[in-house]
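Comments concern the structure below.
First the proteins, then the strands, lettered A, B, ... as listed; each starts at 1.
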Amino acid sequence: MKQKLRLVFLFSFLLLSATQAFAQEKEIKGTVTSKADGLPLPGVNVIIEGTANGTQTDFDGNYILNASVGDVLVFSFLGMSATQVTVGESNTINVQLEEDAEALGEVVVTALGIKKTRKSLTYAAQDINADELNKARQTNPINSLSGKVAGVNITRSASGVGGSVKVTLRGNSSIGNNQPLYVVDGIPLSNPSAGQPADTFGDVNGGNKDSGDALSLINPDDIESLTVLKGASASALYGSAGLNGVILITTKKGKSGNFKVDFSTNLTVDSPAYMMDFNNEAQKNVDSFLDNGTTFINSITASGGTEKAQTYFSYSNTSASGVLPTNKLKQHTFNIRETAQLFDDKLNISASVMASTQNIKNRPVSGLYFNPLVGVYGFESTTESLSDYKVYEQYDAGRNIMAQRWFRATSDIEQNPYWILNRNVSDDKNQKLLTSLNLNYKFNDWFSLQARGTYDRTQLAFERKIYATTEATLAPANGRYIVQENDFTQLYGDIIGNINTNINEDITLNAVVGVSTTRSTTESFTGDSGTNGGLQFANVFAYQNFNANPSVAFTQNSYEIRGSSIFTSATLGFNDKIFVDLTARNDWTSTLPEANNSFFYPSVGVTGVLSELFDIGEKVSFAKFRASYAEVGNGFAADQINPNRSILFGGGVNSVDPIRPFPGTTPKPERQRSFEIGTEWKFMDNRFGIDLGYYNTSTINQYFAVPVSTTIVSSGVAGLNAGDILNSGIEATIFAIPIQKDDFTWTTTVNFATNKNEIKSIANDGVSGLIPTDFFTLSGKGVNTFGSYLVKGGSFGDIYAQVVRRDSNGVPIYDSGALIMNDDNTVDGLTKVGNANPDFTLGWNNSFEYKNFTVDFMVDGKFGGETMSMTEAIVEGFSNNSARETANGTVNVVDLGGSPSTLSVQDYYGSAGGRNGFTGEYMYSATNVRLAELAIGYNFNLSDNSFFKRIKASLVGNNLFFFYKDAPHDPNISLSTGNALQGVDVLGLPSSRSMGLNINLTF
Amino acid sequence: MKNLNKILTFIAVIALVSTSCSDLEDYNENDRNISEEQLEVDFQHVGSKYKPIFESIYQYTPAWSYQLQQNLNADVYSGYMTNPRPFVAGSNNTTYALVSGWNNFIWSVPYSNVMNNVKSISELTEVEYPTLNAVALILKVEAMHRVSDVFGPIVYTNFGDLENAGTYDSQQEAYNAFFADLDTAVASLMADIDSGRFTEFDLSYGGDYTKWVRLANSLRLRLAIRISKVDSGKAKTEGEKALSQSLGVMESNDDGFYVNGTLDHPLSVIDNSWGDIRMNATMESILVGYDDPRTDSYFDTSADYEGVFKGVRNGLPLLPGYSDELAQKADYIGFSTMDASVKTSKVQLMTTAEVYFLKAEAALRGWSGAGNAQTNYEMGISTSFDQHGASGASAYLMDDVLTPMDYVDPVNSSNNASALSNETVAWNDGDDNETKLEKIITQKWIAMFPEGQEAWSEFRRTGYPKIFPVVSNQSGGTVDTDVQIRRIPFVDSELSTNAQGVSGAVSQLGGPDEAGTRLWWDTGGSNF
């Protein structure tokens, strides 16, 4: 295959030839200045269009060159939008260049970093610049997208500061990964996760943890803009990784000339705000336990340079303490980027290094194990209060040890919460290093060649030290030590030829031909003295202290994925009014069997600028129509095709077979087919506009781990290409500038999206020996009673619960001292009770500028969908701490024979509650409308000779209050940013309201 | 052309980074795992598969898996043990509100750990090393008759067969297949009885094939006795075959079948660490009633009531007066725990004492080669005493005074219960067969402790010993409180992945797929 690629390139190079003739010339002079500050710009390229002739401005922004009347001079400068001027009679041409940020609305960065004019796009893309993103700054920049882009659904993780974010573009389609691809300056970012919770019970091996994501390791101040490419059409060039859409991150670069320093400081206070309704006593205990969290972020960026070389540098420092006592985060990020133009500006070199470190102590967990909230919410005493147990240990003479102290015997899930915080301590240490090199050589005005490479490494380390006298389900008598380390490395390289030319007077061609290669490796290690293995001596946390016994785990795993691709794309423009976009890509991947490891997929799109094609009146300033169709193929995760058995430390070969393809089948790539149409209209000098789109995406041949009878495949699961999941929806963005005066501007934007998900099939019929099933498990009920399943005819995100059987009048049936279970129409013994995804979402952004003041607020609404509070079920099952249990009401019930009686609320919910009780009684509507962001800013007036160029101070608030909410918890929070546990709260950390102060200084 | 050279340099760099496409698959392997080729060294591709079989018949680890596989069903239904904590607010297996999420493990543990490995061993050894295959077959019968004794029909002959995927055998077909597999195993072992081929992989008998043949014969006798009421002809044929085989059945305690695992007995975790299981009231009534010298080896005296063995009534709901499960558990956790000698790394699956009691019953049924019923009965008791290092067997054998005693719950007197039997230990040749059978099965029940699966099966077949009924029956009418639970319904994982197979199995079951439906060998009729 490499041979073929070389041929493609050789052909491309043979096409390189450019000769030009010269006409009568005269000398043109002028000065180029920056429109923003009026300062002269050195190093601006001035080129006569269609030739290789040109010059550069000197240090004072002056230039001289020879040109003829009628020639078009192109002034271009890094970070500025290019300007064209036609040479006329005058011999002096002075030019002001505008910064790119202002031109952002017109030029969109698309796949592979290719810039296109907005009007030529054949698919939906929405972008957000840095200012907008950071108005109400959050530690994870992606959190700020919620409500700002139509069709982007953001779910924050319940794990507090440093937590990851679940982003879904246009609904869930995959049983594997539904997160979009993040691309930094054209290159895919490795965004690995060491794991996401999948179990309501919690992980006995250290607790249900969100191990964070790469985005939380990026400094939001380094981001210049974000572009969201929602559909496969937009991302077809990224191949399989772009299946779920792409978020393009453009980072800041140094600019020549003016040296600029920005400093920003941000202090935020988080208060725990949204939790279930406790009775007064319990609430007092909860309040005494939880703290107000603080987040303190300082960031400094410096940029500047000469006409030949520019530097950008940033450093930021975050220090936070969480709402959960003892939860602390420290984070540093560095970023340095050098850009240079060599060989008469033909060669553009850009190199960058980004490094960040993050340390988190006691990252909050969800679920029941290692979760201090179990003890906090369940504490019940008439004589003592929870704070009496801040003294969490007492001397045990029998063992000569300080032993855990609690108001009753600890149980598998319940311990003294202060003991957990101080004697089950966890530490996360995460690091990311991203280095990249980009060389771009411009051969002539229509062809350039680019070569790029990145080395991207993420290391995630976790440690938990569990002291002796911790509850026996979690640790043996002498305590337990758990270490988990994950090291992800991604090497990426590509070579891309760019062609930009006119085929004739009417037709323009923008084309790209490229090859890319990726190699990702994952090395993981777990050392765990285990729940049975144990330590030789109490409270010494070191491997050499492990008992030599097979219950101890030392496990290494090593995975590698290699892939290569060849791709091409061409955009043909007809009179700058109609554009046709074609792409084609072929991937080779190591994750598929040899017979099926090469796969091809195309996309096609068309757009017409209606306002230029037809005369549709003065009032319409812009109108266009777009349509596109794309196919994308997808490989698998590593080691799915022929996995070997694992070895257990001191325990021989694992007795259970790993999940393998169903006997007799050969796995093939997954496929996604998507179609979208849309239209965009702007009116009244662009003061009012609407963008409306419809899409339809079907994902077929996903590689499922299909449940199979253990009598056929002994592990009970087998891999099979199966399933057909359909997403369709409508997205709309309406923006308006209702007021635009010299000292007062009001801008408002509404983003609307609705997505319908339908699971058309799960397993394929007709596979020999397979008994077709119609469901697939995302979170199994295990020994609890919440489940998340993909069921034929259902939707992604369906929630299943154990439901009380009711008579024909809907009265619960209670017989022989117990509620009776519904057993009609169940999946895995559970009944469908709702869906975690909203029917539609609405985000309303407003921005007011009055003189030096700016006020921004965003109302974020999610309508429809359901959520389960297993928190409430557990609290009511294990205690009488809920407000309604104390309120002494009654509930009407009937027995199996139909005779009615009443039960006290306490008895009813005592029966229904518990982690494995009737969770169907704990369902709530997930509809909510909240004031998501509020920022009030002030720009100080500065004299021209002030040391500072700009001072801005803002008061910011996030998640301030709910206009409407039914659920006891914040339904926008999720226990997992994976596919499991959607729509259930199992003792997640209560969501907080945050308020803060932000100061930006530029000098 | 200068530029072209530069470009070609870029390509060369990228080409170095990238790889050739044809060998891509080679990268797709986690080389920290062990491949089949690597396993072939020292014949571990066969040998390594025995350990998981041995350790999953009664699963060692994780302990909660065994808890769900057997401890929260058969170990309780047999009257051996019960849970001090009323899980799920008292609505759980032990009160007949069957928790399907728990019971999945009764099914999945043997299929995922035993059947697959036996199949793989058989494929590799059937022709070349028949004795290795023989051992695997014996282990398979031991593991799977327990599964059939819980559910009835099981997938046995069609396991892993894509042509007849998921098709169940009726319990009768399964038992016939067990006998046939034992025939194959015994014939293969007899042909090469002195071979030491299995020594390295044997967690029970140190590679002694003679003992494996005795186990096969003893197992055959156990299965023959099990079907003696429903298919007396086949039972007699198979029973006599076992008794007449040249190497015989188990005779001394070192013939007993134990797995010497590398981990602690799962009961140690469930009992000591979690406090999730305690002595059953029936056990207290019988052992303490007979003043049985083995009691000390089975249980410790209660932590809350000094010097007293105290059991918990089975089938407790969340009792009135307790706000939650933990409050109720706090009152019962101080009752008698298992003794440390029960919880070593040795898991007991078949004792020699049991075989003497099987022979005693075989004698009652007139099978040739069984010997004298009384001799076997008394040998059973004294063998069991020897096994536990208990003294006073001869006095115990003669005791015609002591009977099971009334049960008193010191915390909640509503759970008190009168003794269910007034039989003594001493054998009286003048008794009728039914009385003799009660004595045999009661003593067998004591001797088999803590293997609750076999004890529950024999209770269902014979009605002995008499076990206290559940305090709370939440079966919704599918189980009769006095008749007690007869089986576990087919599990959710099978219902959802093998609905056709299950529906065939239900018709073979001959009754609804409920916990009150009797299995094939559980005729409900008289014992003789």
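- Between chain B and the options A/Leu896, A/Val653, A/Ile561, A/Thr711, heavy-atom pairs under 4.5 Å are most frequent for A/Thr711.
- Side chain to side chain, B/Gln38 and B/Ser35 meet the donor-acceptor criterion of an N or O pair below 3.5 Å.
- Proximity to chain B involves both the backbone and the side chain of A/Ser558, based on heavy atoms less than 4.5 angstrom apart.
- With a 4.5 Å cut-off on non-hydrogen atoms, A/Pro476 does not touch chain B at all.
- With 3.5 Å as the limit, one finds a donor-acceptor pair spanning the side chains of B/Ser475 and B/Asn473.
- With chain A as the partner, the residue from B/Glu325, B/Lys51, B/Gln44 showing the most heavy-atom pairs under 4.5 Å is B/Lys51.
- In terms of non-hydrogen atom pairs under 4.5 Å with chain B, the most contact-rich of A/Asp907, A/Asn880, A/Asp657 is A/Asp657.
- In this structure, A/Gln640 contributes its side chain and A/Ala638 its backbone to a donor-acceptor pair below 3.5 Å.
- At a 4.5 Å heavy-atom cutoff, the contact between B/Val269 and chain A is made by side-chain atoms alone.
- The shortest heavy-atom contact between B/Pro52 and B/Ser56 is O-OG, 2.7 Å.
- For A/Asn549, the part lying under 4.5 angstrom from a heavy atom of chain B is the side chain only.
- The heavy-atom pair separating A/Phe554 from A/Phe525 by the smallest distance is CD2-CZ, 4.0 Å.
- Of all the heavy atoms in B/Ile333 and B/Pro84, the pair that sits closest is N-CB, 4.1 Å.
- In this structure, chain B has no heavy atom under 4.5 Å from any part of A/Gln802.
- Interface remark: A/Ile820 contributes no atoms to any contact with chain B (heavy atom separation under 4.5 Å).
- Per-residue counts of heavy-atom pairs under 4.5 Å with chain B were compared for A/Thr710, A/Val827, A/Asn532; the largest is that of A/Thr710.
- Heavy-atom distances place no part of A/Thr522 under 4.5 Å from chain B, backbone and side chain included.
- A/Gln906 does not touch chain B: none of its heavy atoms, backbone or side chain, sits under 4.5 Å away.
- The most heavy-atom pairs under 4.5 Å with chain A, out of B/Ser273, B/Pro320, B/Ser91, come from B/Ser273.
- Scored by the salt bridge (Lys or Arg N to Asp or Glu O under 4.0 Å) test, B/Glu494 finds no partners at all (sequence neighbours excluded).
- The shortest non-hydrogen separation linking B/Ala505 to B/Phe490 is CB-CZ, 3.6 Å.
- Neither the backbone nor the side chain of A/Leu648 has a heavy atom closer than 4.5 Å to any heavy atom of chain B.
- Looking only at atom types and distance, the side chain of A/Ser565 has no donor-acceptor partner in the side chain of A/Trp588 under 3.5 Å away.
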Are A/Asp639 and B/Asn28 close enough, and set up right, to give a side chain to side chain donor-acceptor pair (under 3.5 Å), and what steps lead you there? CA-CA 5 Å; A/Asp639 201 27; B/Asn28 196 27; 5.7 Å; no

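- Looking at A/Val713, there are no atoms closer than 4.5 Å to chain B (heavy atoms on both sides), in backbone or side chain.
- A salt bridge is absent between A/Arg408 and A/Glu380; no separation between the charged side-chain nitrogens and carboxylate oxygens falls under 4.0 Å.
- Only the side chain of B/Leu39 comes within less than 4.5 Å of a heavy atom of chain A; its backbone N, CA, C and O stay farther away.
- The choice from B/Asp31, B/Asp26, B/Leu326 that makes the most heavy-atom pairs within less than 4.5 Å of chain A is B/Leu326.
- Side-chain contact between A/Ser520 and A/Thr518: present, with at least one pair of heavy atoms (C-beta onward) separated by less than 4.5 Å.
- Interface residue A/Tyr559: only side-chain heavy atoms are found under 4.5 Å from chain B.
- Neither side chain, A/Asn916 nor A/Thr785, offers a donor N or O lying under 3.5 Å from an acceptor on the other.
- Neither the backbone nor the side chain of B/Lys329 comes within contact range of chain A, judged by heavy atoms closer than 4.5 Å.
- In terms of heavy-atom pairs under 4.5 Å with chain A, the best-connected choice from B/Tyr156, B/Phe159, B/Tyr168, B/Phe87 is B/Phe159.
- Heavy-atom pairs under 4.5 Å with chain A were tallied for B/Asp492, B/Asn30, B/Asp276, B/Val88; the largest tally goes to B/Asn30.
- Residue with the most contacts toward chain B among A/Thr589, A/Leu592, A/Thr555: A/Thr589 (heavy-atom pairs, distance under 4.5 Å).
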Step-by-step side chain to side chain donor-acceptor pair (under 3.5 Å) determination, B/Asp331 to B/Tyr322: CA-CA 10 Å; B/Asp331 274 355; B/Tyr322 292 106; 2.5 Å; yes

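- Proximity to chain B involves both the backbone and the side chain of A/Arg645, based on heavy atoms less than 4.5 angstrom apart.
- A salt bridge between B/Glu25 and A/Arg562 is absent, with no side-chain N of the basic residue lying under 4.0 Å from a carboxylate O of the acidic one.
- In this structure, no portion of A/Asp815 lies under 4.5 Å from any heavy atom of chain B.
- In this structure, chain B has no heavy atom under 4.5 Å from any part of A/Ala409.
- Nearest heavy-atom pair across B/Ala63 and B/Pro266 is CB-O, 4.0 Å.
- Of the atoms belonging to B/Glu36, it is backbone heavy atoms, and not side-chain ones, that fall under 4.5 Å from chain A.
- No other option in A/Thr591, A/Val656, A/Asn557, A/Thr826 has as many heavy-atom pairs under 4.5 Å with chain B as A/Asn557.
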